[in-house]
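One structure below.
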2 protein chains.
Amino acid sequence: MSPPRPATRIQARNRAAILDAALDVFSAQGFRGATVDQIAAAAGLSKPNLLYYFPSKEAIHNALLEQLLDTWLAPLRALDPDGDPLQELLAYVQRKLEMSRDYPRESRLFANEIVQGAPRIHGALSTDLKSLVDDKTRVIRTWIEAGRINRVHPYHLIFSIWSLTQHYADFDVQIRAVLDDEDPFDAAPDFIDTLYRRLLTPP
Amino acid sequence: MSPPRPATRIQARNRAAILDAALDVFSAQGFRGATVDQIAAAAGLSKPNLLYYFPSKEAIHNALLEQLLDTWLAPLRALDPDGDPLQELLAYVQRKLEMSRDYPRESRLFANEIVQGAPRIHGALSTDLKSLVDDKTRVIRTWIEAGRINRVHPYHLIFSIWSLTQHYADFDVQIRAVLDDEDPFDAAPDFIDTLYRRLLTPP
DNA sequence: CGTCGGTTTGACCAGATGGTCAAATCATTC
DNA sequence: GAATGATTTGACCATCTGGTCAAACCGACG
C-alpha cells in the first residue's frame, strides 16, 4: 500500500523519475490512454525496469493520486477561521490560482479522474474531502452570520473557486487558442480578485 | 468526411443509436478508454454491424465532436448586441447552466477532449471558437465603454462563465460527494445569478 | 579478485482491441 | 414469390499492451 522507503540512492532517483514521467503521461492522456511503455520511456527506463519499482500501472497511478489529494486540498485547509474573512477567502483563491499556473499537470490529473467518474478516489471524496468542506463551510457560515461577508451559499462559493481557478489549468489549450499570444495568467488574478471582492464585500 | 444522409429508416435509427451510445461511452471513459465493443453493446449492435455504419472508432468520435461544437456554442452565438447587457449576459449564463444540467454527457465529452490537449479539435478552437469569442468580446467591450456594465476583462468574463457552468457537469461526482443528497442544481442558478449581478451591475 | 544483493534487460506471453471479410439474413420492390 | 440490395454476423487477424521471467549486469564490500 504505502511506498517502501527508498533503500538506495538509485531507488530514490528512479522512483522520483517514474512518478514525474507518469504525471506527464497520465495528466495528458488519462489513465487508460497512458501506456506503461510511454511512462518508462519518459522516465528513461525500460518497461521491465519500471515494473521493478512499481508492481503495476495502476500502482503508479494510485501513488500519484494519493500524494495529490493532500497537496491539492492544502490551500483550503489553510483557510483560517480567525483571520479576516475577505482576506482569507481572497488569499485562498489566489493560492488556488497559483497552483493552476505552477502545477497544471496535477490539476489535469485530478480533472481526468473526476470527469471520468472518480473511479479510484470516490471514497476519499465522500470522506476526507467532504468533511474538510463541511468544516470550512461552517466557518464561512459564521462569517456570514456575523455580517462580515455577504450572504452566499457556502458550498457553491467553494465550488466556484475550484471551478474558476482550475479551469485555467484544465482548459489551458482552449483558453490559449482564444487568447492567441496573451498569457492567461496576466489578467486572471486581477479578474478573479475583483469578482470575489464584488461578490463578498458587504455593502 | 460528412456523414452520408440516411438512405433508409434503419440507417437513421442505427446511426442515431450508435451516436447516443458512443456519447455515453466516450463521455464516461474518454476516447482511448472507450472500446468499440462497449459502444456496440450499448447501441444494441454487434461490433461488425456498428462498423458497417461508421468506418472506425475515430469516425464516431469525430461525428460527435463535429456536431457538438455547434450546439455547444449556440448560447454564446445567441448573445444579442442589441439586447440589455445585464439581461443578455445573465440569460447566457443560465442557458449554459441548463446545458450542464440537461446535457452533461456533451459537456464531459468536450472536457475530456480539452483536458487532454484537444488533439482533434485544436483547429476549430483557434478558428471558429476564437472568432466567435473575439466577436462577442467586442460586444461586451462596447457595453463597458457605454457604462452599461462594470469594467471587467471581457475574455476572462467569458472564461469564467464557461468554467462556472460546465463545472457542474464535468465535476458532478465531486460536487455530489460533497453535497450528499442535495441536488446541486437547486442552489446553483441562484448563486451564479447573484455572482454575475454583483460583478456586472454598475454602482 | 570474488561474491552477493541490487538493478537492468531481451524475450516472451496472454488477453484486449480495432478492424476485415465472406457468407448469411432480411426488407423491399416488382 | 423471386430478385436485389441493404443489413447482420461468426470467424478471424494483426497489433497493442500490461505484465512475467530467467539471465545478465553492476557496484560495493570483504
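Labels below follow one simple rule: chain letters A, B, ... track the order of the sequence lines, proteins then strands, and each chain is numbered from 1. What's counted below: heavy atoms across the whole structure, side chains too, no hydrogens, waters or symmetry copies.
- Atom P of nucleotide D:dG18 and atom CD1 of A:Ile18 are separated by 15 Å, given to the nearest angstrom.
- In terms of polar N and O atoms assigned as donor or acceptor, the side chain of B:Lys57 never comes within less than 3.5 Å of the base of C:dG19 in a complementary pairing.
- At the heavy-atom level, B:Ala34 lies under 4.0 Å from the strands shown only through sugar-phosphate atoms.
- Remark: B:Arg151 engages B:Glu145 in a salt bridge, criterion side-chain N to carboxylate O under 4.0 Å.
- Taking atom CG of residue B:Asp37 and atom P of nucleotide C:dG18, one finds them 7 Å apart after rounding to whole Å.
- Taking atom NZ of B:Lys47 as the reference point, atom P of D:dC13 lies 14 Å away to the nearest angstrom.
- Between A:Tyr52 and C:dT8, a side-chain N or O to OP1/OP2 separation shorter than 4.0 Å is absent.
- Distance CG (A:Asn14) to P (C:dG6): 15 Å, rounded to an integer number of Å.
- Cation-pi geometry between B:Arg101 and B:Tyr168 is not satisfied (NZ or CZ under 6.0 Å from the ring centre, within 45° of the ring normal).
- At whole-Å resolution of the value, CD in B:Gln38 and P in C:dA16 are 13 Å apart.
- Proximity of B:Ser46 to the phosphate of D:dT8: no side-chain N or O atom is located under 4.0 Å from OP1 or OP2.
- Between the side chain of A:Asn112 and the backbone N or O of A:Arg108, at least one donor-acceptor pair lies under 3.5 Å.
- In this structure, B:Thr165 contributes its side chain and B:Trp162 its backbone to a donor-acceptor pair below 3.5 Å.
- The closest donor-acceptor contact from the side chain of A:Gln166 to the backbone of A:Ser107 lies at 3.5 Å or more, if one exists at all.
- Map B:Pro55 and B:Gly33 each onto its nearest nucleotide of DNA chain C; the residue landing nearer the 5' end is B:Gly33.
- Between A:Tyr53 atom OH and D:dG19 atom P there is a gap of 18 Å when expressed in whole angstrom units.
- In this structure, B:Asn49 atom CG and C:dC21 atom P are separated by 17 Å, rounded to whole Å.
- Using a 4.0 Å heavy-atom distance criterion, A:Arg32 is classed as a sugar-phosphate-only contact.
- The distance from atom CD1 of A:Ile10 to atom P of D:dG27 is 8 Å, rounded to the nearest whole Å.
- Using a 4.0 Å cut-off, no side-chain N or O of B:Gln11 falls inside it from OP1 or OP2 of D:dA6.
- Mapping A:Phe31 and A:Pro48 onto DNA chain D by nearest heavy atom places A:Phe31 at the nucleotide closer to the 5' end.
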